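Accompanying notes for the structure given below.
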Amino acid sequence: MNFAFSEDQAELRRTVRAFLEAKSPSAEVRQLMDTTDGYDPAVWNQMGAEMGLQGLHIPEEYGGQGFSFVELAIVLEEMGRVLLCAPFFSTVVLAANAILNVGSDADKKALLPGIASGETKATLAFTEPNGKWDASGIEMQATSDNGNWTLSGEKMFVVDGHVADVIVVVARTAGSSGTDGISFFAVDGNAAGLTRTALATMDQTRKQARLEFSNVVATPLGDAGQGWAALSKTLDQAAVAIANEGVGGAQFVLDMSVEYAKVRVQFGRPIGSFQAIKHKCADMLLEVESGKSAAYYAAWAAAEDNEELPVVAALAKAYVSDAYFHCAAENIQIHGGIGFTWEHDAHLYFKRAKSSEIFLGDATYHRELLAQRIGI
């Protein structure tokens, strides 16, 4: 059995890493964090027109390149390594996968080519002010009048919701509860009755917004009221994606720690020669490598649409959430006084690690999911 990446996949990693290192140095990340939109349109266009990253795993019949979720995971890992500020996760992981999972062929032909080319920025509006990640948290009402649908309610923590051209909204039909009545809709980002407000968050490398809907006209995707299975799969895929992104960040902070431990001298010796520092780095290495194993296996399961996906998605999200946050915190400790300054890059990764830990549900939530899915 071969658990290694192929040469083509390794070349993809090298190409994407070179591009991202040139386009997303920490100085650029800090600059984009301070902007409202939170991304560079020129770089976004390059990612689409020159690199084809937005359409990487979208099937060729819908304008994409037709690669698998494994290739997408490689790209996400490299993006996590540099904290890329761009609406990639929201557009490609959340919105595109939701459309692929729930949409009819006509829906896919209408929406996916624009996403694949980079012309369309999109997102998935799922969570609400109650902060829940399961079906019970969906309270937004979808109303039909002779087949014409409108949405009313509020969505919170919508990733890149303030800049999305298309918003895939999850709502429920009147009178439904639990997993029944869950429906998907496509909404124009500039639709009448839609108010979008950018949120001030701890991690400004991944922008979020509050969306308020007041009788907003919406186009149904797939069969109304039958969307829970597609939503559950989309969230599992997103959990796998955030895990792979997380191991990229965790590897980077490990590398940062080891490099600093080699050059920082105390008492006439590099601090890496002291047992306390060596043990911290060794523990971080164990967590990073274990996290990669979980995330890579989950990416394979997503690529194969394997029946194990719900289990390994929860496992990978839970483990990497803890591992990345612990590594990011240890990185600050190893850097000592300079690591505690806001100007140091260690804090950028610490904030991303914390926001990724909570995003899509924290480790405790996913451990509970894992327990339920294996019948405990």
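Along the sequence shown, the residues carry numbers beginning at 1. Fair warning: this is a prediction, and the values are worked out from it, not measured in the lab. The analysis underlying the following values was restricted to heavy atoms, covering all of them including side chains, and did not include hydrogens, waters or symmetry mates.
- Rounded to the nearest 0.5 Å, atoms CD1 (Ile242) and OG (Ser356) are 4.0 Å apart.
- Between Glu128 and Phe157 the shortest heavy-atom distance is O-CE1, 4.1 Å.
- Counted within 6.0 Å of CG on Asp223, heavy atoms from surrounding residues, nucleotides or ligands total 12 or fewer; the atom is thus considered open.
- The line from CD of Gln141 to CG of Asn215 is 12.0 Å long, rounded to the nearest 0.5 Å.
- One distance of note links CD of Gln65 with CG of Leu56; it measures 5.5 Å at 0.5 Å rounding.
- A side-chain N or O of His335 and one of Asn331 form a donor-acceptor pair less than 3.5 Å apart.
- Using a 4.0 Å cut-off between charged nitrogen and carboxylate oxygen, Arg373 and Glu308 do not count as a salt-bridge pair.
- We find that Arg81 and Asp255 are not joined by a salt bridge, their nearest charged nitrogen and carboxylate oxygen being 4.0 Å or further apart.
- Closest approach of Gly63 and Ala116 over heavy atoms only: O-CB, 3.4 Å.
- Leu12 and Met51 fall within a single hydrophobic cluster, where Ile, Leu, Val, Met, Phe, Trp and Tyr side chains are chained together by heavy-atom contacts under 4.5 Å.
- Side-chain N/O atoms of Glu245 and Tyr324 include no donor and acceptor closer than 3.5 Å.
- Judged purely by distance below 3.5 Å, without hydrogens or angles, the side chains of Thr234 and Gln237 never pair a donor atom with an acceptor atom.
- With hydrogens and angles ignored, the 3.5 Å screen pairs no side-chain donor or acceptor of Thr123 with any backbone N or O of Ile167.
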(message) Run the ring pair (Phe, Tyr, Trp, His ring centres under 6.0 Å) test on Phe88 and Tyr39 for me, step by step, so that the C-alpha distance in whole Å, both residues' side-chain angles and the decisive distance to 0.1 Å come before the verdict.
(response) CA-CA 10 Å; Phe88 188 88; Tyr39 77 104; over 10 Å; no
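- Asp160 has no carboxylate O lying under 4.0 Å from a charged side-chain N of Lys207, or vice versa, which leaves the two without a salt bridge.
- Asp322 places a side-chain heavy atom less than 4.5 Å from the side chain of Glu357.
- Inter-residue side-chain proximity for Leu348 and Met33 is flagged as met; some heavy-atom pair is nearer than 4.5 Å.
- Listed here is the closest heavy atom pair of Asn244 and Tyr296: OD1-CD2, 3.5 Å.
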(message) One pair to check against side-chain contact (heavy atoms from CB on, under 4.5 Å): Leu221 and Leu111. What are the steps and the verdict?
(response) CA-CA 10 Å; Leu221 300 176; Leu111 296 172; 3.9 Å; yes
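- The salt bridge (charged side-chain N to carboxylate O under 4.0 Å, His left out) pairs that include a residue from residues 325-336 are Lys280-Glu330, where partners are two or more places apart or lie in different chains.
- Looking only at atom types and distance, the side chain of Ser355 has no donor-acceptor partner in the side chain of Lys351 under 3.5 Å away.
- A salt bridge is absent between Asp37 and Lys121: the closest approach of a Lys/Arg side-chain nitrogen to an acidic carboxylate oxygen does not fall below 4.0 angstrom.
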(request) Start with the C-alpha distance between Glu119 and Asp165, add both sets of side-chain angles, then the distance that settles side-chain contact (heavy atoms from CB on, under 4.5 Å), and finish with yes or no. (result) CA-CA 9 Å; Glu119 295 178 8; Asp165 303 306; over 6 Å; no
(request) Quick one: do Glu154 and Arg210 satisfy salt bridge (charged side-chain N to carboxylate O under 4.0 Å, His left out)? Show the steps, please. (result) CA-CA 7 Å; Glu154 184 178 353; Arg210 178 175 69 250; 3.6 Å; yes
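- Looking at every heavy atom in both residues, Val82 comes nearest to Tyr349 through CA-OH, 3.9 Å.
- No side-chain heavy atom of Leu235 sits less than 4.5 Å from a side-chain heavy atom of Ser232.
- Using a cutoff of 4.0 Å between basic side-chain nitrogens and carboxylate oxygens, Arg13 and Glu77 are scored as salt-bridged.
- Side-chain atoms of Gln54 come within 3.5 Å of backbone N or O of Gly48 as a donor-acceptor pair.
- Under the 4.0 Å criterion applied to side-chain N and carboxylate O atoms, Arg30 and Asp34 are not assigned as salt-bridge partners.
- For the 3.5 Å distance criterion, the side chains of Ser6 and Asp8 fail to qualify, holding no donor opposite an acceptor.
- In terms of modelled atom types and a separation under 3.5 Å, the side chain of Ser183 and the main chain of Gly225 share a donor-acceptor contact.
- Proximity of Arg196 to Val158: side-chain heavy atoms (C-beta onward) are nowhere separated by under 4.5 Å.
- In this structure, Ser117 contributes its side chain and Gly114 its backbone to a donor-acceptor pair below 3.5 Å.
- Between Leu231 and Ile138 the shortest side-chain heavy-atom distance falls below 4.5 Å.
- The side-chain heavy atoms of Phe89 and Leu94, taken from C-beta on, include a pair separated by under 4.5 Å.
- Considering every non-hydrogen atom in both Ala241 and Leu76, the closest pair reads CB-CD1, 3.5 Å.
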(message) Set out, in order, the CA-CA distance, both residues' side-chain angles and the distance that settles side-chain contact (heavy atoms from CB on, under 4.5 Å) for Asp188 and Val166, then state yes or no.
(response) CA-CA 5 Å; Asp188 188 300; Val166 173; over 6 Å; no
(request) Go through the steps for Gln31 and Asp40 under the test side-chain contact (heavy atoms from CB on, under 4.5 Å), then give the verdict. (result) CA-CA 10 Å; Gln31 179 179 334; Asp40 183 343; over 6 Å; no
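- Between Asp203 and Thr205, the side chains place a donor N or O and an acceptor N or O closer than 3.5 Å (distance only, hydrogens not considered).
- Two residues are said to be in side-chain contact when any heavy atoms from C-beta on lie closer than 4.5 Å; Phe5 and Val70 meet this criterion.
- The backbone N or O of Val170 sits less than 3.5 Å from a side-chain atom of Lys155, completing a donor-acceptor pair.
- In terms of heavy-atom proximity, Trp149 sits nearest to Thr173 at CH2-CG2, 3.8 Å.
- Between the side chain of His57 and the main chain of Asn97, no donor-acceptor pair closer than 3.5 Å is present.
- Phe185 and Phe213 have their aromatic ring centers separated by at least 6.0 angstrom.
- Side chain of Lys317 to main chain of Gly361: a donor-acceptor pair is present (N/O by atom type, distance under 3.5 Å, no hydrogens or angles).
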(request) Run the numbers on Glu287 and Ser290 for side chain to side chain donor-acceptor pair (under 3.5 Å), then give the verdict. (result) CA-CA 5 Å; Glu287 290 181 320; Ser290 298; over 6 Å; no
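- Linking ILVMFWY residues whenever their side-chain heavy atoms come closer than 4.5 Å, directly or via other members, leaves Leu315 and Val240 in distinct clusters.
- Under the 4.5 Å side-chain contact rule for hydrophobic residues, Val169 and Leu112 do not share a cluster.
- The side-chain tip of Lys354 points at the ring of Phe325 from less than 6.0 angstrom away and within 45° of straight on.
- Considering CG of Leu151 and CG of Leu211, their distance stands at 11.0 Å, rounded to 0.5 Å.
- No chain of hydrophobic side-chain contacts below 4.5 Å, direct or via other Ile, Leu, Val, Met, Phe, Trp or Tyr residues, connects Leu83 to Val16.
- In this structure, CG in Leu100 is found 6.5 Å from CD1 in Ile58, a value given to the nearest 0.5 Å.
- Under the 3.5 Å distance criterion, the side-chain polar atoms of Gln251 are left unmatched by any main-chain donor or acceptor of Gly248.
- Ring planes of Trp300 and Tyr297: tilted class, angle from 30 to 60°.
- Listed for the Thr91 side chain is a donor-acceptor partner under 3.5 Å among the backbone atoms of Pro87.
- The side-chain heavy atoms of Gln204 and Thr201, taken from C-beta on, include a pair separated by under 4.5 Å.
- Distance alone, capped at 3.5 Å, is enough to place a donor-acceptor pair between the Asp107 side chain and the Ser104 backbone.
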